[in-house]
Visitor: 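This is the structure I want to talk about, given as structure tokens.
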Amino acid sequence: MDIKKALKFMLISTLSFACMNSIVKDLVHISAYQIVFFRSISTLVITTSILLKYNISILGNNKKLLIIRGLVGVTSMTLFFMSTKYLPIGTAVSLRYLAPIFAAVFAIFFLKEKVKPIQWLFFTMAFSGVVILKGFDTNIDTYGLLLIICSAIFSGLVYVVLSKIGKSEHPVVVVNYFMIISVLVGGVLSIKNWVNPVGIEWPMLLGLGIFGYFGQIYMTKAFQTAVSTSQIAPLKYLETIFTVLFGVFIFAEVYSFWSILGIGLIIIGLVLNARFKERSKKLNNE
């Protein structure tokens with residue numbers, strides 16, 4: 001196990017996701033449904049090729065759960081892309097990271113898991129960041145905030161469905177189902193809102209899927225390479241930092257003191273919760 005290699009993989013992953021986020025922000029005149037379609041179709045080509053190459057069944061074992069995962073995932077992704085048209089891209093990304101909080105709440109009801117009192121403290125810290133963003137930052141659009149919170153809720157549901165799927169499905173099969181459903185949903189919903197891409201917009205749209213795929217692959221490699229999850233999990237939030245920097249230098253977005261404070265509280269609360277969960281796992285296994 002090589003921690004340096006894991007760090008390198010996570011840096012590549014977070015940079016890839018930040019690049020994807022920036023492309024979404026740049027294509028503000030193209031509907032979210034069309035972006036979902038292009039984001040998914042290029043990834044679908046990659047995942048289908050892998051499944052065919054290694055002779056892995058495309059249909060999978062638990063088709064019902066795979067379809068539910070795909071539907072919940074495409075809903076979250078669509079709402080996220082829609083929110084970027086109303087919010088600074090760094091703010092949208094940081095708010096979408098509230099998903100683990102909603103996942104913890106859903107897990108109480110669907111997976112019978114327990115949430116410790118100290119975790120609620122961490123969740124409160126993260127939500128206080130949302131309150132600061134909305135209460136003190138005049139750049140935060142209420143409709144955009146509603147969209148991204150709904151995106152985080154559906155993203156939290158994805159965690160629960162993936163827990164139900166467990167190791168019964170090959171990871172690429174899960175992603176492939178997600179991409180098939182996303183292509184169908186994005187394609188159908190974008191028909192009435194279709195905008196013909198021009199020039200460089202074509203490679204940018206196709207790049208969405210490529211950056212998304214490499215972001216996911218290298219994140220998986222990072223977790224597989226690291227000695228423990230706690231070493232690498234907090235680095236996921238570098239995506240927010242990179243995206244904020246891209247927003248400032250590429251799109252001339254302005255982040256006030258309150259924006260930075262709110263984003264910071266969200267990230268700190270979620271990192272503390274991730275570390276606590278990892279430590280609790282270790283104690284239970286000893």
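What you see is a predicted model, and the numbers here were worked out from it, not measured in a lab.
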Visitor: Kindly indicate, with the supporting measurements, whether the criterion side chain to side chain contact (heavy atoms under 4.5 Å, CB included) is fulfilled by V173 and I58.
Guide: CA-CA 6 Å; V173 173; I58 291 176; over 6 Å; no
Visitor: Quick check: F276 with W120 (ring centres under 6.0 Å apart)?
Guide: no
Visitor: Would you compute the distance between atom CD1 of I210 and atom CE of M20 and round it to the nearest 0.5 angstrom?
Guide: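 Output value for this atom pair is 13.0 Å.
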Visitor: Do V36 and W194 sit in one hydrophobic cluster, given that two such residues count as connected whenever their side-chain heavy atoms are within less than 4.5 Å of each other, even indirectly?
Guide: yes
Visitor: Main chain of L145, side chain of K134: is a donor-acceptor contact present, judged purely on distance under 3.5 Å?
Guide: no
Visitor: I need the Q119 CD to L121 CG distance, nearest 0.5 Å.
Guide: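 So the gap between those two atoms works out to 10.5 Å.
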Visitor: Less than 4.5 Å apart, side chain to side chain, heavy atoms only: is that true for F123 and F102?
Guide: no
Visitor: Any idea which heavy atoms bring N176 and L44 closest together, and the distance?
Guide: OD1-CD1, 3.3 Å
Visitor: Just wondering, do F122 and V271 contact through their side chains at under 4.5 Å, heavy atoms?
Guide: no
Visitor: When you measure from the side chain of S31 to the backbone of Q34, do you find a donor-acceptor pair of N or O atoms at a distance under 3.5 Å?
Guide: yes
Visitor: Does the side chain of V172 come within less than 4.5 Å of Y54's, by heavy atoms?
Guide: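 No. Closest side-chain heavy atoms not under 4.5 Å.
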Visitor: For residues F17 and G212, report the shortest heavy-atom separation together with the two atoms involved.
Guide: CE2-O, 3.8 Å
Visitor: Under 3.5 Å, side chain of S155 to main-chain N/O of A152, donor-acceptor pair present?
Guide: no
Visitor: Search all heavy atoms of S22 against all heavy atoms of F251 and return the closest pair with its distance.
Guide: O-CZ, 3.1 Å
Visitor: With sequence neighbours excluded, tell me which residues meet salt bridge (charged side-chain N to carboxylate O under 4.0 Å, His left out) with K85.
Guide: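 With neighbours one apart ignored, the set is empty.
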Visitor: Might you work through the side-chain hydrogen bond (donor to acceptor under 3.5 Å, both in side chains) test for N21 and E239, ending with a clear yes or no?
Guide: CA-CA 9 Å; N21 298 333; E239 178 189 349; 2.9 Å; yes
Visitor: Can you find a pair of side-chain heavy atoms, one from T240 and one from I263, that are under 4.5 Å apart?
Guide: yes
Visitor: Taking C-beta and beyond as the side chain, do V183 and F178 meet within less than 4.5 Å on heavy atoms?
Guide: no
Visitor: Indicate if I267 and L245 have the same hydrophobic cluster label, given that clusters are the connected sets of ILVMFWY residues with side-chain heavy-atom separations under 4.5 angstrom.
Guide: yes
Visitor: Quick one: does any side-chain atom of S13 pair with a main-chain N or O of F9 as donor and acceptor, under 3.5 Å?
Guide: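 Here the side-chain-to-backbone pair does not exist.
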Visitor: Distance-only, no hydrogens or angles: does the T48 side chain make a donor-acceptor pair with backbone N or O of V45 under 3.5 Å?
Guide: no
Visitor: Quick check on the 6.0 Å ring-centre criterion: do Y97 and Y237 meet it?
Guide: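 So the answer is yes for these two rings.
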Visitor: Side chain to side chain contact (heavy atoms under 4.5 Å, CB included), that's the test. Do L146 and T142 meet it? Break it down for me.
Guide: CA-CA 6 Å; L146 179 63; T142 302; 5.7 Å; no
Visitor: Are the side chains of V254 and V248 in touch, meaning some heavy atoms are under 4.5 Å apart?
Guide: no
Visitor: So do the side chains of I89 and F246 get within less than 4.5 Å of each other, counting heavy atoms only?
Guide: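 They are not in contact (no side-chain heavy atoms under 4.5 Å apart), so the answer is no.
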Visitor: Calculate, to the nearest 0.5 Å, the distance between atoms CE and CG belonging to M125 and N273 respectively.
Guide: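 Spacing of CE (M125) from CG (N273) equals 11.0 Å.
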Visitor: Could you tell me whether the side chains of E169 and Y177 share a donor-acceptor contact shorter than 3.5 Å?
Guide: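 Checked: E169/Y177 side chains show no N/O donor-acceptor pair below 3.5 Å.
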Visitor: Quick check: closest heavy atoms across A18 and F242, and the distance to 0.1 Å?
Guide: CB-CB, 3.6 Å
Visitor: Counting distance only, does the side-chain N/O of Y213 pair as donor-acceptor with the main-chain N or O of S42 below 3.5 Å?
Guide: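 Here the side-chain-to-backbone pair does not exist.
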Visitor: Please evaluate residues I101 and L270 with respect to the criterion side chain to side chain contact (heavy atoms under 4.5 Å, CB included), reporting the C-alpha separation (whole Å), side-chain torsions for both, the decisive distance (0.1 Å), and the verdict.
Guide: CA-CA 8 Å; I101 298 177; L270 295 174; 3.7 Å; yes
Visitor: Nearest heavy-atom pair of A126 and I266: which atoms, and what distance?
Guide: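 Closest pair (atom of A126, atom of I266, distance): O-CG1, 3.2 Å.
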Visitor: E201 and N196: which non-hydrogen atoms are nearest, and at how many Å?
Guide: OE1-O, 4.4 Å
Visitor: Taking it one step at a time, do S168 and N62 satisfy side-chain hydrogen bond (donor to acceptor under 3.5 Å, both in side chains)?
Guide: CA-CA 8 Å; S168 64; N62 197 328; 5.8 Å; no
Visitor: With a 6.0 Å cut-off (strictly less than), is the heavy-atom count around NZ of K63, excluding the residue itself, greater than 12?
Guide: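 Yes.
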Visitor: Do W202 and I200 sit in the same hydrophobic cluster, where Ile, Leu, Val, Met, Phe, Trp and Tyr count as joined when their side-chain heavy atoms come under 4.5 Å apart?
Guide: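 Yes, because W202 and I200 connect within a single hydrophobic cluster, where side-chain heavy atoms sit under 4.5 Å apart.
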Visitor: Side chain to side chain contact (heavy atoms under 4.5 Å, CB included), that's the test. Do K64 and I68 meet it? Break it down for me.
Guide: CA-CA 6 Å; K64 183 180 177 181; I68 291 172; 4.2 Å; yes
Visitor: Out of curiosity, L265 CG to I132 CD1, how far, rounded to the nearest 0.5 Å?
Guide: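 It is 5.0 Å, given to the nearest 0.5 Å.
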Visitor: Could you tell me the separation between the CD1 atom of I260 and the OG atom of S256, rounded to the nearest 0.5 Å?
Guide: 7.5 Å
Visitor: With a 3.5 Å cut-off and no angle check, do the side chains of S151 and S76 form a donor-acceptor pair?
Guide: yes
Visitor: Taking the side chain as every heavy atom from C-beta outward, state whether S40 and M77 have any pair of such atoms under 4.5 Å apart.
Guide: yes
Visitor: Count I, L, V, M, F, W, Y as connected when their side-chain heavy atoms are under 4.5 Å apart, and connections chain through other members. Are F106 and I108 then in the same cluster?
Guide: yes
Visitor: Treating Ile, Leu, Val, Met, Phe, Trp and Tyr as nodes and any side-chain heavy-atom pair under 4.5 angstrom as an edge, say whether L79 and V188 lie in one connected cluster.
Guide: no
Visitor: Nearest 0.5 angstrom please: L15 CG to Y218 OH, how far?
Guide: 12.5 Å
